[in-house]
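Let me begin by presenting the structure, written as structure tokens, before commenting on it.
Since the structure is predicted, the reported quantities are computational estimates derived from the model, not experimental observations. Below, read A as the first sequence line, B as the second, and so on, with proteins coming before strands; counting in each chain starts at 1.
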Protein chains: 2
Amino acid sequence: MYNNITIKTLAKELNVSIATVSKALKDRHDIGVATKQRVVELAHKLNYIPNPYAGGLRKRKSKTIALVLPEVADSFFSLAINGIEATAQEKEYHVLIYLTHESFTKEQAILKDFQSGRVDGVLMSITSETSTHNHIQELYDSGMPIVFFDRVCESIDTAKITTDDFEGGYKATQHLIDCGCKKIALLSISTSLSISNKRMEGYKKALDDNHIKFSPSDIVQCSNDAEKSYNSIKKLLSHRSRPDGIIATVEKFTTNTYLACKELGLFIPGDVKVISFSNLPTAPILNPSLTTITQPAFEMGKAASTVLFKALNKSSFNLKQESIVIPSVLTVRGSTATQTK
Amino acid sequence: MYNNITIKTLAKELNVSIATVSKALKDRHDIGVATKQRVVELAHKLNYIPNPYAGGLRKRKSKTIALVLPEVADSFFSLAINGIEATAQEKEYHVLIYLTHESFTKEQAILKDFQSGRVDGVLMSITSETSTHNHIQELYDSGMPIVFFDRVCESIDTAKITTDDFEGGYKATQHLIDCGCKKIALLSISTSLSISNKRMEGYKKALDDNHIKFSPSDIVQCSNDAEKSYNSIKKLLSHRSRPDGIIATVEKFTTNTYLACKELGLFIPGDVKVISFSNLPTAPILNPSLTTITQPAFEMGKAASTVLFKALNKSSFNLKQESIVIPSVLTVRGSTATQTK
DNA sequence: CTGAAAGCGCTAACAA
DNA sequence: TTGTTAGCGCTTTCAG
């Protein structure tokens with residue numbers, strides 16, 4: 001469907017040139033007040049809505065940004081979208097959404113398309129598979145403003161909005177240790193994601209600070225596939241020297257961890273304590289309620305988009321120095337209680 | 001950012017006309033094989049990506065659709081987005097996402113913009129505030145294909161993808177009755193949403209079929225605001241003649257229901273049984289695990305977008321007869337168990 | 001098989 | 001103050 005009433009219609013109707021109409025609509029000072037009035041009135045009466053693409057073509061901008069996410073069925077991303085959409089609406093930008101479903105090739109294809117002028121900027125969280133960044137660098141080099149949030153790409157010198165992942169990993173680990181855990185496993189989603197690695201570094205540091213020996217086998221790489229990750233977790237917990245503490249670095253591992261424990265007859269927090277990086281609204285009503293490290297998702301989305309829009313409005317704005325690190329917060333609940341209730 | 005290498009660049013470089021380049025790129029049969037080869041090769045080498053808006057302007061279509069949702073922090077919508085995005089990617093369409101945050105005026109403003117030619121079609125779930133539909137009708141009348149899903153607008157004669165809401169309401173109620181509930185309250189989100197009303201009708205019918213008198217005070221209208229809805233629920237449960245069964249017609253009321261019970265020292269399912277319309281991945285690990293009516297969210301998103309794309313490809317495709325009703329499924333869990341475990 | 005030319009709807013110099 | 005004109009990048013008759 002395409003709008004049929006254009007600037008031309010108005011011009012004809014009013015016996016003025018299309019240039020006059022265009023300027024009048026933009027309320028430019030070099031147009032007579034009377035004419036302006038007439039134009040605006042007719043435009044309103046005829047319900048004229050300008051075609052954004054025509055103007056965009058001329059002005060060489062689309063007033064739309066791309067939002068590239070691994071998935072949307074994750075509380076963090078859901079909340080982040082809210083923050084992003086809110087500021088976009090405020091700034092009168094439109095947002096195209098793309099899901100990579102953690103597929104690197106999809107991410108490549110999506111980014112490639114952006115060289116077309118479809119969007120003025122991109123907001124993204126990379127795939128857990130993404131380990132090479134040429135496709136992103138290429139886009140960035142072509143002049144596209146890019147802002148990363150949460151799952152950032154370290155090697156690209158642009159704005160990154162993250163949480164204090166190292167500290168988060170540290171805090172989570174220290175908390176488990178404080179609760180008496182001796183053997184803590186970390187469920188990781190990727191070896192290439194900086195977010196994963198930083199959390200792991202925090203974990204290692206906490207272990208070290210507490211004179212607990214780090215064992216590589218305590219890091220378990222879980223798959224994006226729900227069933228596979230369930231099996232990995234179950235295997236981990238079936239082992240004779242199973243961990244007594246688990247850190248899920250990704251929200252989606254939570255349900256599987258709980259289910260695996262149930263299946264194996266392991267009690268949380270009695271047999272194994274669990275802490276999860278998550279924004280689950282149901283955290284307080286889980287069985288047992290879940291201790292979480294939560295990220296200010298909405299604010300992060302808001303911050304990321306705000307930075308991007310700033311860059312879009314000022315020419316030659318330096319994205320490189322706009323990175324922000326926002327603290328995450330530890331909320332202690334039942335899954336790490338020191339006594340079974 | 002805007003692409004600098006255009007069809008013109010290629011034409012100049014190869015000493016052919018832009019028309020030739022355009023046709024060659026589209027692999028049209030009236031272009032010499034040799035020329036085609038040359039064009040394609042150079043295009044590839046120079047990494048030429050056509051500007052979608054330029055072509056769109058000419059062809060009068062944007063190859064993009066709008067997705068208008070009340071919110072995204074709801075498992076149903078999250079999953080639906082996946083289904084939609086998947087088919088869009090497959091059909092090479094792009095999707096603009098808009099959130100109304102349950103605001104009617106926002107919905108109006110968003111739809112109005114669509115008259116501009118920005119999108120070729122729209123997929124939407126209406127606001128809980130939406131009770132008048134002129135803004136939608138107007139857009140539809142202007143020729144815009146619209147497909148509703150989940151929260152549909154009954155009065156507009158176009159495709160609607162829904163679940164069997166009446167049956168869902170009936171099933172939920174019957175289940176509670178079967179579990180021994182005598183007084184069942186229904187948490188509703190809106191009086192204008194057909195989805196809400198249908199579920200309520202199913203509820204009433206089940207009550208009636210079981211010779212239980214319906215009492216208007218058992219329908220509690222909850223607010224979109226979390227705190228307000230919490231208070232409504234608490235108030236409901238504090239009453240001397242409180243219900244012994246609760247049906248949450250919207251996922252987001254679940255946490256508040258659980259928390260209110262906890263606060264009041266009421267046990268689920270002992271004191272009050274709870275069933276929720278929801279797609280919560282954490283349903284099985286809640287305390288107690290939650291009995292749900294779940295909708296095939298991904299499939300619904302997929303179905304809705306498939307219908308829309310069909311309409312977009314065939315001219316004069318009759319959307320009116322493409323409505324689909326997909327069954328929801330009842331999954332019984334702990335929150336409606338007949339004996340406290 | 002190839003190219004010239006018109007045009008999608010709008011903006012922006014530059015004239016008048 | 002208003003209009004003319006030349007595009008933005010691409011598609012598409014219609015001639016050659």
Please report the distance, rounded to the nearest Å, between CG in B:N51 and C1' in C:dC8. 13 Å
Give the rounded distance in Å between these two atoms: CG of A:L25 and C1' of C:dA12. 15 Å
NA contact type, A:K8, heavy-atom cut-off 4.0 Å: base, sugar-phosphate, or nothing? sugar-phosphate
Can you find a side chain N or O atom of B:T35 that sits less than 4.0 Å from OP1 or OP2 on C:dC1? no
Electrostatic pair A:R151-A:E102, nearest N-O below 4.0 angstrom: yes
How far apart are the C-alpha atoms of B:Y98 and B:F114, what are their side-chain angles, what is the distance that settles it, and do they pass the ring pair (Phe, Tyr, Trp, His ring centres under 6.0 Å) test? CA-CA 11 Å; B:Y98 296 89; B:F114 297 162; 5.2 Å; yes
Of the options D:dT13, C:dC14, D:dC8, whose atoms approach the side-chain atoms of A:K23 most closely? C:dC14
How many Å lie between CZ on B:R58 and C1' on D:dG7, as a whole number? 16 Å
Using whole Å, report how far NZ of A:K61 lies from P of C:dC10. 16 Å
For B:K26 and for A:I31, locate the closest nucleotide of DNA chain D by heavy-atom distance; then report the residue assigned to the nucleotide nearer the 5' terminus. A:I31
Measure the distance from CG on B:L57 to P on D:dG7 and round it to the nearest whole Å. 17 Å
Which nucleotide in D:dC10, C:dT11, D:dT4 has an atom nearest any side-chain atom of B:A54: D:dC10
D:dG3, D:dT2, D:dT11: which one has an atom nearest the side-chain heavy atoms of A:V16? D:dG3
Atom CD1 of B:I5 and atom P of D:dC10 are separated, to the nearest Å, by 9 Å
Can you list the steps and then say if A:K63 with A:D120 is a salt bridge (charged side-chain N to carboxylate O under 4.0 Å, His left out)? CA-CA 6 Å; A:K63 277 284 201 170; A:D120 297 340; over 6 Å; no
Side-chain touch A:S190/A:E129, heavy atoms, less than 4.5 angstrom: no
Atom-pair distance (CG on A:D27; C1' on C:dA12), nearest Å: 17 Å
Hey, which of these two, B:S17 or A:I7, hits DNA chain C nearer its 5' end, going by closest nucleotide? B:S17
B:K59 side-chain N/O to C:dG7 phosphate OP1/OP2 under 4.0 Å: no
When you measure from the side-chain N and O atoms of A:Y48 to the phosphate of C:dC10, is any distance below 4.0 Å, counting only OP1 and OP2? yes
Position toward the 5' end of DNA chain C (nearest nucleotide), B:G55 or A:A19: B:G55
Could you say whether A:T20 or B:P52 is positioned toward the 5' end of DNA chain D, judged by the nucleotide with the nearest heavy atom to each? A:T20
State whether a side-chain donor-acceptor pair under 3.5 Å links A:Q137 with A:D141. yes
Per atom distances to the B:R28 side chain, the nearest of D:dT13, C:dA6, C:dT11 is D:dT13
Please state how far atom CD1 in B:I18 lies from atom P in C:dT2, giving the value in whole angstrom units. 16 Å
